[in-house]
Amino acid sequence: MSAGAKVRFALRASFATLSGALALIGIVGVSVLLPGPAFGQVNDRDAAVNAAFQTFRGALEAHSRGDFPTALRIAESSLHQIERAVGPDHPVSAPVLANIGELNRLLGNVDLAEKQLQHALALGEHAPPALGSAAQWLALMSLSALYYQRGVAKPESYGVDFIAAEQASLKVLAMMKKAGDPDHKLPAVYSTLSSIKASQGDHAAAKRYLELADSLRTSRGSSGVRGDSGLEALKQAGFDRDRLSLLANRAVFSVEAGDLVGAKRLFEEAVRFGREKTPNHLNLAFTLLEYARALKGVHDTAGAVARLDEALTILERNMGVVLTTGSETQRGVYLAQLEKFTDAALSLHAFLAPNDPKAAELAYRATLQRKGRSVDASVHATELLKRHASPEDQRLLVSLADSRSRLASAMASGVSEAKLRADLDALERELATRSSAFRADEAPFDLAKIRAAIPEGSAIVEYVSFSPFDEATVDANDGLHYTAFVLTREGPVRAFHLGEEKEIESLVTAFRGAVAAPTRTDWPVLGANLRKRILDPLFGDRPPKRVLVAPDGAITLVSFAALPGTSTTTWAQATSLSYLTSGRDVLRLGAIEPLR
């Protein structure tokens, strides 16, 4: 198989990932439209409606910082104001109702969102022209997104939802062409159609739409929004994110076509643009992920490691803000996105570079990000600090929450973040000096600090399950795989690919069943089989004095103390055992409870 063919095979699932992200950018990025005054404001009714639209600005601001529940609450309040002025189901309420439907879609209330969007679409037909077109455009784009995502989630629908998504987008396309596209919305529509056609397997049509979107973006150079500086900044930020995704998707198409030279050029252009315009946005991380996959396909391990490392840095840069200020839904979405990057890093080490120390360290860093931050999302240590903090600590924690909220808003709106990040850093440093528990919880993933916290003669053993990220090297039916990491005070990270989860799970089940049955005598043999699979590759018959185990998946059910050793003793008699949720816990153990 040629190098180009190998990359195309490896990236066959890649486009679905990036095109899915592009669909969110193309549709969700323009989800909250600010309607203009409904009437001429010549009587109390007109004044009340126009006041409701001004109230709606609060929904726009909340949406810009990712606070969808607040945006929905304000939008619903605006709708109630309109209904009190002109009665229910009045056409003038169409754009606000469309926004409410889109916000419900973002919050996962899909059935309600679909009903609201369909109703807004019908009301828009009878609304004043400016309001009607805004309502219909948003309702159709949101319905397209809803059907597209439903199609991705339910492949058994045999493409029915993709067809509905395409029909909605084509209606928008016709509207925009007829209106002359004064607000420069056509590129977003073409981007969405490109995503839909790619998901249907029609890559030729997807490429045509993508080229149309890119051509329009290039020729226009900006969002086209003028007159409202706040709205202009929001739209320009969305425009830049769209442009980045268009460049990245063009690169993916070049890979599909076997044009690896052209793909590299486009990826480099996309990365340069992203670093300049959207340096902290998830879209740049996704672009770097796709670039790494392409480099991995031609066995450029060093290049793939470098791109994934940069992507993980972007994720880590924003993770503290998202996990401490975002809603539960937002945290879940962010962690789900993080899992893709973890799988990519683990697959790079396991299947392409098992003996590369940089690939091993990258894979462990990604593992610590996923496991450690998942714990942070569930039980944040600053909550513990609040219960025991002094009045001054409480004041600083309130300031920290406010600073993070303002930074999150700036990240979403494209406003300069430098001063906000500096203020946030200063607050975190002050709190870090006042609380060792806070310092351990907020510290970025620094392997040097984790190594320093490991007691002499001890080793962290970190297990992680992952989904293979390269169908060219692994049977798609294999399911999850396991990797184990060993970290000591000195020396490189050592990583061991342990194989398929189903095989290890079978060994775990057999051993636990034997231990639980008092009459069975085969537990030593079954335990030895399990030990040989999950421990012997790491240490052979010479484990360190102490092992700090951070299990994952089925391995969390294993009693390591009960495993037989390589002689007549149990494994626990040969070493001292402690359990962690992730290797990062040694920072907290050192700060809160000394290791014994």
- prompt: Does Pro455 reach the side chain of Arg546, with side-chain heavy atoms less than 4.5 Å apart?
  reply: yes
message: Do the side chains of Glu290 and Arg293 get close enough for a salt bridge, i.e. N-O under 4.0 angstrom?
response: yes
message: Using a strict threshold of under 4.0 Å (side-chain N to carboxylate O), is an ion pair present between Glu268 and Arg307?
response: yes
query: Between Asp552 and Arg370, is a side chain to side chain contact (heavy atoms under 4.5 Å, CB included) present by the stated rule, with each step listed?
result: CA-CA 12 Å; Asp552 194 31; Arg370 187 179 84 185; 3.8 Å; yes
query: Among Val486, Val493, Val549, Ile450, whose side-chain contact (heavy atoms from CB on, under 4.5 Å) with Ile460 holds?
result: Ile450
task: Pick out which of Glu503, His497, Glu501 makes a side-chain contact (heavy atoms from CB on, under 4.5 Å) with His481.
output: His497
Under-4.0 Å salt bridge between Lys358 and Asp309: no
message: Please verify the inter-ring angle class for Tyr463 with Phe560; under 30° counts as parallel, over 60° as perpendicular, anything in between as tilted.
response: tilted
message: For a salt bridge (Lys or Arg N to Asp or Glu O under 4.0 Å) check, start with the C-alpha distance between Arg489 and Glu456, then their side-chain angles and the critical distance, and finish with the verdict.
response: CA-CA 7 Å; Arg489 286 181 69 90; Glu456 289 286 352; 3.4 Å; yes
field: N-O pairing of Lys371 and Glu462 below 4.0 Å
entry: yes
query: Centres of the Phe466 and His349 rings: under 6.0 Å?
result: no
query: With respect to Val461, which candidate in Phe539, Phe485, Phe496 satisfies the side-chain contact (heavy atoms from CB on, under 4.5 Å) definition?
result: Phe539
field: Contact summary for Phe341 and Ala311, nearest pair of heavy atoms
entry: CE2-CB, 3.9 Å
